[in-house]
S.K.: 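What follows is a structure written as structure tokens; I'll ask about it next.
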Amino acid sequence: MSLEDRVLERIKPSEKETADVMDTAERMMKKIRSYLKVRKHDVDVMLVGSVAKGTFLSSPDLDIFLLFPESVPREDMERIGLAAGEDILKGEKMYAEHPYIRGTFSGLSVDLVPCYAVRDTSKLMSAVDRTPFHTGYVISRADERQKDEIRLMKVFMRGAGTYGAEPNTRGFSGYLCELLVIFYGGFLNTVRGASEWKEGVTIAFDKKGPAMLGPIILYDPVDPKRNVASAVHIDTFATFIAACKRYLMSPSEKFFFPSERTPLTEDELRRLSDARGSRVVTVTFDRPNVNRDNLYSQIWKTRYALVRKLDSYDFTVLRAVHDMTKTKIILVFELERDILSKTFKHIGPPVWVRSSTSFIEKWKDNEYGGPFIDEGQWNVVAERRHRSVTEMLYDEVAVSGIGRDIVPDTLEVLNHDESFTAVGKDLLVELLDPKHPWDV
């Protein structure tokens, strides 16, 4: 038995599990249809997603769409769809292009999403109107063996940390995994193909749509104007390629089922930092009451903004990680230094440009010495605005370009020593001893 077949035995739902999931889906849909009939709403109910396609893993989510006639006004479609979700699931309002309801039914998570029953994807009235076409396409193209190969790819992606198009993962959606396996003709063929990818790789089934930019472009076979891989970040893309290369070199079940890392003690973590002479600083904000996915997008924006700010002030970020708790947003940075010299070399204009005169005039009485020429430019030794990283962050955070809903006034900065005692050890391990899951 091959390695892939052994993995499949572990991940493929049993006949009983499959029957139970399908029974739950049917009962859920029957309940929804009954609700709509009583209220005289002319709305179709459709099971979509991995359960409908037969590519699901254990404990799948149920994706159920309410298909409204095109004649129904948008506000009525949203109102009726939300009311149905709230009444039936008593769930939480979520947001994509428009709101939907997420709840539970018989132990399974359910997304109840309103959309329009459009005739084809050239007449989309909302972004989610494509989803029923995605379901139909995969059903029409994947046989039973390929469905199992898709399961392998999803678990491989999950093991590599690249599965999921959510804002914090920035990876490969389930639909993208399905299309890749269909395109390449199986799990191993996809791994071989991906091991040769380069940034900008383009994949099309029938025809290409308009030119697009991204680490990977896969034209949606049901709507070539869309890149199915638009959520994939360059780092996630590169991580998947690295995983594929390593798997082909030495296949192992650890690519599908990575080991948990052994926790490190505070002393061990400090030694890692001391060995390379780096410094750790932690930034926390109060967690705003914002949709989780939207908030993760803002955390990434904040992380990048603070990296740029730290670098611009010469603290030089080696690596950054982040996390979110029920009450806090946490960003941890490993820096080359957290205290700077009092002065620095301020580079001015070339000697031959007109503005050099004003530069000389401005700095002629500088207490650390007048302007001097180096590499054809005027330079001067100037006093830094901020020497301490803590001082800089408190002073500059409000003008750093952090996420819209993250409140600068809730900022708290923890210095090197405070970080090792206050920050979770898993996050510090991720920062100071990063390893790919297959290398643990």
Side-chain angles (χ1 to χ4, degrees), residues 55 96-97 121-122 124 127 130-131 133-134 137-138 141-142 146 149-150 152-249 255 293 296-297 299-301 303-305 307-308 311 317 319-322 401 434 436-439:
T55 61
E97 184 199 39
T121 55
S122 67
L124 294 176
R130 295 187 190 92
T131 304
F133 294 92
H134 293 164
Y137 185 84
V138 173
R141 295 292 297 267
Q146 278 189 314
E149 301 275 311
I150 288 167
L152 285 170
M153 178 53 65
K154 288 180 177 181
V155 177
F156 182 86
M157 285 272 196
R158 191 167 64 191
T162 60
Y163 184 60
E166 298 80 10
N168 199 41
T169 309
R170 308 182 302 176
F172 294 71
S173 68
Y175 180 50
L176 179 52
C177 291
E178 292 161 352
L179 291 181
L180 287 171
V181 171
I182 291 169
F183 180 82
Y184 283 103
F187 167 74
L188 270 177
N189 283 342
T190 305
V191 171
R192 293 187 186 105
S195 71
E196 302 295 327
W197 284 350
K198 294 178 176 60
E199 183 180 1
V201 62
T202 299
I203 297 171
F205 281 81
D206 302 314
K207 60 179 181 179
K208 292 183 179 180
M212 300 180 187
L213 295 176
I216 173 172
I217 297 93
L218 193 154
Y219 290 101
D220 192 335
V222 308
D223 183 8
K225 299 186 298 298
R226 172 178 178 261
N227 177 16
V228 180
S230 61
V232 178
H233 188 269
I234 184 67
D235 290 344
T236 318
F237 173 74
T239 298
F240 178 60
I241 295 172
C244 291
K245 288 177 179 289
R246 282 293 298 276
Y247 185 79
L248 293 174
M249 290 170 56
F255 285 87
D293 282 349
Y296 268 124
S297 296
I299 293 173
W300 278 111
K301 180 181 180 182
R303 173 169 156 178
Y304 289 136
V307 166
R308 288 193 300 271
D311 284 345
V317 177
R319 185 168 165 77
V321 295
H322 66 254
H436 292 298
W438 57 85
D439 287 328

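Counting begins at 1 with the first residue of the sequence.
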S.K.: Report the distance from atom CZ of Phe156 to atom CD of Glu149, rounding to the nearest 0.5 Å.
M.R.: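 Result: 13.0 Å between the selected atoms.
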S.K.: Are any of the side-chain heavy atoms of Val191 and Met153 separated by less than 4.5 Å?
M.R.: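 Yes, their side chains come closer than 4.5 Å.
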S.K.: So, do Thr202 and Tyr219 sit near enough that their side-chain heavy atoms are less than 4.5 Å apart?
M.R.: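 With C-beta onward as the side chain, the pair touches.
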S.K.: Indicate yes or no: at least one non-hydrogen side-chain atom of Glu178 is less than 4.5 angstrom from one of Lys154.
M.R.: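 A side-chain contact exists here, since the closest heavy-atom pair is under 4.5 Å.
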S.K.: Grab the two heavy atoms, one from Tyr184 and one from Gly193, that are nearest each other, plus how far apart they are.
M.R.: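 Smallest interatomic distance, heavy atoms only, reads CE2-CA, 3.8 Å.
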S.K.: I need the minimum non-hydrogen distance between Thr236 and Arg170, along with the two atoms involved.
M.R.: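 The pair with the smallest heavy-atom distance is OG1-O, 2.9 Å.
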S.K.: Do Tyr163 and Thr169 have side chains that get closer than 4.5 Å, going by heavy atoms?
M.R.: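 No; the side chains remain at least 4.5 Å from each other.
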S.K.: With rounding to the nearest 0.5 angstrom, report the CG to CZ distance, Asp220 to Arg130.
M.R.: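 If I round to the nearest 0.5 Å, the distance is 6.5 Å.
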S.K.: If you round to the nearest 0.5 Å, how far is CG of Asn227 from CD1 of Ile216?
M.R.: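 Result: 8.0 Å between the selected atoms.
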S.K.: Sub-3.5 Å donor-acceptor pair from the side chain of Asp311 to the main-chain atoms of Val317, do we have one?
M.R.: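 Yes; judged by distance alone, with no hydrogens or angles, the pair exists.
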S.K.: Say you draw a straight line from CD of Glu196 to CG of Leu248; how long is it, rounded to the nearest 0.5 Å?
M.R.: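 Reported to 0.5 Å precision, the distance equals 9.0 Å.
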S.K.: Could you state the interatomic distance from CE (Met157) to OG1 (Thr239), rounded to the nearest 0.5 Å?
M.R.: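 So the gap between those two atoms works out to 11.0 Å.
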S.K.: Does the plane of the ring in Tyr137 sit parallel, tilted or perpendicular to the ring in Phe205? Use 30° and 60° as the thresholds.
M.R.: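 Rings of Tyr137 and Phe205: perpendicular, over 60°.
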S.K.: Heavy atoms only: give me the nearest Val307-Ala320 pair and the separation to one decimal.
M.R.: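 For Val307 and Ala320, the tightest heavy-atom pair comes out as CG2-CB, 4.3 Å.
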S.K.: For Phe237 versus Pro215, what's the shortest heavy-atom pair and its separation?
M.R.: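 Where Phe237 meets Pro215 most closely, the heavy atoms are CZ-O, 3.5 Å.
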S.K.: What do the steps show when you test Leu179 against Ile203 for side-chain contact (heavy atoms from CB on, under 4.5 Å), and what is the final call?
M.R.: CA-CA 10 Å; Leu179 291 181; Ile203 297 171; over 6 Å; no
S.K.: Does Lys208 NZ have over 12 foreign heavy atoms under 6.0 Å away?
M.R.: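 No, NZ of Lys208 has 12 or fewer neighbouring heavy atoms, counting only those of other groups under 6.0 Å.
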S.K.: Between CG of Asp223 and NE2 of His134, what distance do you get to the nearest 0.5 Å?
M.R.: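 Atom-to-atom, Asp223:CG and His134:NE2 are 7.0 Å apart.
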S.K.: Between the main-chain N or O of Trp438 and the side-chain N or O of His436, is there a donor-acceptor pair closer than 3.5 Å?
M.R.: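 Checking the backbone N and O of Trp438 against the side chain of His436, no donor-acceptor pair under 3.5 Å is found.
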S.K.: With side chains defined as the heavy atoms from C-beta onward, is the minimum distance between Trp300 and Asn168 less than 4.5 Å?
M.R.: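 The answer is yes; the side chains approach within 4.5 Å.
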S.K.: Would you name the heavy atoms of Ala160 and Ala243 that are closest together and state the gap between them?
M.R.: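 In this case the closest contact between Ala160 and Ala243 is CB-CB, 4.0 Å.
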S.K.: For residues Ala204 and Phe183, report the shortest heavy-atom separation together with the two atoms involved.
M.R.: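 Minimum heavy-atom separation between Ala204 and Phe183: O-CE1, 3.5 Å.
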S.K.: Hey, what's the ring geometry for Trp197 with Phe240, parallel, tilted or perpendicular (30° and 60° as the breaks)?
M.R.: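 Correct class here is tilted.
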